[in-house]
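Here is the structure we will look at, set down as structure tokens.
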Amino acid sequence: MLSIGNVCLIVLACLVVAIPVTVFATNAYRKNVSEKKIGNAEEKAREIIDEALKTAEAKKREASLEIKEESIRTKNELDKEIKERRAEVQRYERRIQQKEENIDKKSDAIEKKEAGLVEREKALEQEKLEISKLSEQRVQELERISGLTSDQAKDYLLKIVEDEVKHETALMIKEMDTRAREEADKKAKDYVVMAIQKCAADHVSETTISVVQLPSDEMKGRIIGREGRNIRTLETMTGVDLIIDDTPEAVVLSSFDPIRREVARIALERLIVDGRIHPARIEEMVEKAQRDVEIMIKEEGEAATLEVGVHGIHPELVRLLGKMKFRTSYGQNALKHSIEVAQLSGLLAAELGLDVRLAKRAGLLHDIGKAVDREMEGTHIQLGVELCKKYKENATVINAVQSHHGDVEPTSLISWLVQAADTISAARPGARRETLEAYTSRLKQLEEITNNFKGVDKSFAIQAGREIRVMVVPEQVSDADMILMAREISKKIEAEMEYPGQIKVNLIRESRAVDYAK
């Protein structure tokens, strides 16, 4: 029996032999398998490459075919466009050729016309020469027949034409003036009558004296005082002359300054009521009366603005308006006149569709310079303009103040309306009164203006200076000349005179032929 050791040796020997054999067999098997796989992979690779080459070749053929088709299509399109361009160019060429032919025809026609014109010009020059010769012969013949030279005949013809034009111009002016006057008079009368009807104004006539009624004649002695000290104090404090005469129960206060006269009147009336009349009391009453009059002036100005309906006027201008209550012009109260002008201006502006408030404002302030014209140098127009500019009044208001007496040309319709309203207020019956000297001077000036015109024989101012009748020399002034002369006279009167309302210029031409039958 084999021992265990031997068995182990045998087994170990078998393992030693079996392991290399197994490793070799395994490697051989793996090599065969890998070779088979490599062969299969190479075959597949060759197949893939062949297919890829075939596919690439096919795509190459397709791409080349597409390129050929695209090039053929592009070529066809280019050929078509070239054909169209050629056809269009041919059409243009034909048109140009036709135009060139037309231009050639026109140039030929123009050349023919130019040749004809040259011939015609030559013929006209010849005719002009013949006409000039005939005209010279005609002028010589006319000079021989008429016995006048060409210059004398020209002067004669010009005089005839001038007379005809003058006559026609006068007729045209007369016709247009008549038509314009009829229409303007109708509308103006409607507006003015309506404005006057709506504006109710008092007839005011102021004087330079005030009368204070006394309870009895005994009060005259107390007013005079011992040795006249009371009356002297009163006259010194107020600047007013007290006239104490035989007039029963009355004392007359005389002064050209209405404010001073009002202060004296109020102070004297209060002294009479109080009964204590002595210098100290007189001074106290005069000072109190001055304060009261100042308050009255302010209240009167405010009342005037409220009555007219104008607001936003500077307080100093309002005070000056109140001061105009004590100012008169030809006996007409200046404040009442300004209120009346404001109302009339507003009514006329409403009829014409203008700014009523602005028209009233201009009418109320148009105579504002009269409030200070006795204290400052200058006319009431200049002072009024300065005051309105100082207190930043509207430019239209300033122009209305400047132009309401015609010193400056109005720049707005409102200025014209203020001018018209001022004339209406001043010219209404009872509004103003003139001194005899001013009245006669105005009539004399009116006649002198008309007498200075050539061809005037006599002139007469009638109807209180509202009409001037002018007698003309018939041999020197024709009917046509009368119309022009009447217009010139009226313009000169407007430029040189100041007058209320309007003046009618009436020219009279009369020629008579007298003979006796024997």
Side-chain angles (χ1 to χ4, degrees), residues 184-185 187-204 300-314 317-318 320-322 324-325 327 329-330 332-371 380-381 383-385 387-389 391-432 498-502:
D185 285 348
K187 289 186 178 180
K189 285 176 182 176
D190 291 341
Y191 294 158
V192 171
V193 169
M194 179 277 305
I196 292 174
Q197 285 176 344
K198 290 185 178 180
C199 179
D202 297 331
H203 290 229
V204 181
E300 288 291 338
E302 293 173 351
T305 59
L306 289 173
E307 182 178 351
V308 176
V310 176
H311 306 288
I313 298 178
H314 193 277
L317 290 179
V318 174
L320 292 175
L321 279 173
M324 289 170 64
K325 175 182 172 62
R327 172 72 160 82
S329 177
Y330 294 100
Q332 186 180 28
N333 185 275
L335 182 58
K336 293 289 185 183
H337 167 67
S338 296
I339 293 172
E340 185 176 351
V341 171
Q343 299 287 13
L344 289 169
S345 300
L347 293 170
L348 293 172
E351 287 297 320
L352 296 177
L354 302 176
D355 190 338
V356 176
R357 291 180 181 272
L358 187 58
K360 286 185 175 182
R361 191 184 193 95
L364 186 63
L365 296 175
H366 81 285
D367 267 346
I368 193 67
K370 288 185 178 180
H380 76 278
I381 294 175
L383 296 173
V385 171
L387 287 171
C388 290
K389 288 180 178 179
Y391 296 111
K392 305 295 186 296
E393 276 298 326
N394 190 290
T396 302
V397 176
I398 295 172
N399 179 252
V401 175
Q402 280 181 314
S403 62
H404 77 274
H405 280 322
D407 297 340
V408 176
E409 190 69 20
T411 59
S412 66
L413 287 176
I414 288 178
S415 298
W416 286 107
L417 293 184
V418 171
Q419 193 178 83
D422 180 59
T423 304
I424 293 170
S425 175
R428 63 181 175 82
R432 293 189 174 187
E498 291 185 4
Y499 51 90
Q502 63 182 10

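Given the structure is predicted, the values throughout are model-derived calculations rather than measurements.
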For a quick test of reading the model, state the closest non-hydrogen atom pair linking Asp355 to Ile414 and the distance between them. O-CD1, 4.0 Å
When rounded to the nearest 0.5 angstrom, what distance separates OG1 in Thr305 from CD in Glu300? 11.0 Å
Look only at the side chain of Arg361 and the backbone of Glu393, and say whether a donor-acceptor pair between them is shorter than 3.5 Å. no
Between His366 and His405, is the ring pair (Phe, Tyr, Trp, His ring centres under 6.0 Å) condition met? List the steps. CA-CA 10 Å; His366 81 285; His405 280 322; 7.8 Å; no
Could you measure the distance from the NE2 atom of His404 to the CH2 atom of Trp416? Nearest 0.5 Å is fine. 14.0 Å
Minimum heavy-atom distance Val418-Gly363, with the two atoms named: CG2-N, 3.9 Å
Do Gln343 and Glu307 make a side-chain contact, defined as non-hydrogen atoms from C-beta onward lying under 4.5 Å apart? yes
Would you please test Leu387 and Val401 for side-chain contact (heavy atoms from CB on, under 4.5 Å) and show each step? CA-CA 10 Å; Leu387 287 171; Val401 175; over 6 Å; no
Minimal non-hydrogen separation, Ser345 against Ala359, with atom names: CB-O, 3.6 Å
Step by step, would you call Ile339 with Leu335 a side-chain contact (heavy atoms from CB on, under 4.5 Å)? CA-CA 6 Å; Ile339 293 172; Leu335 182 58; 4.2 Å; yes
Polar side-chain atom of Gln419 near backbone of Ser403 as donor-acceptor pair, under 3.5 Å: yes
Side chain proximity check, Met324 to Ile368, heavy atoms < 4.5 angstrom: yes
Check: Asp422 and His337 side chains under 4.5 Å, non-hydrogen atoms: yes
I need the minimum non-hydrogen distance between Thr396 and Ser412, along with the two atoms involved. CG2-OG, 3.4 Å
For atom CG of Leu413, decide whether the heavy atoms of other residues, nucleotides or ligands shown that lie under 6.0 angstrom number more than 12. no
Taking Lys360 for the side chain and Val308 for the main chain, is one N or O donor matched with an acceptor at less than 3.5 Å? yes
Are the side chain of Asp367 and the backbone N or O of Lys370 linked by a donor-acceptor pair below 3.5 Å? no
Taking all non-hydrogen atoms of both residues into account, name the closest pair between Val397 and Leu365 and its distance. CG1-CD1, 4.1 Å
With the side chain counted from C-beta on, respond yes when Leu344 and Glu340 share a heavy-atom pair under 4.5 Å apart, and no when they do not. yes
For Asn399 and Pro410, indicate whether the former's side chain and the latter's backbone hold a donor-acceptor pair under 3.5 Å. no
Looking only at heavy atoms, which two atoms of Gln402 and Val385 are closest? And how far apart? CG-CG2, 3.1 Å
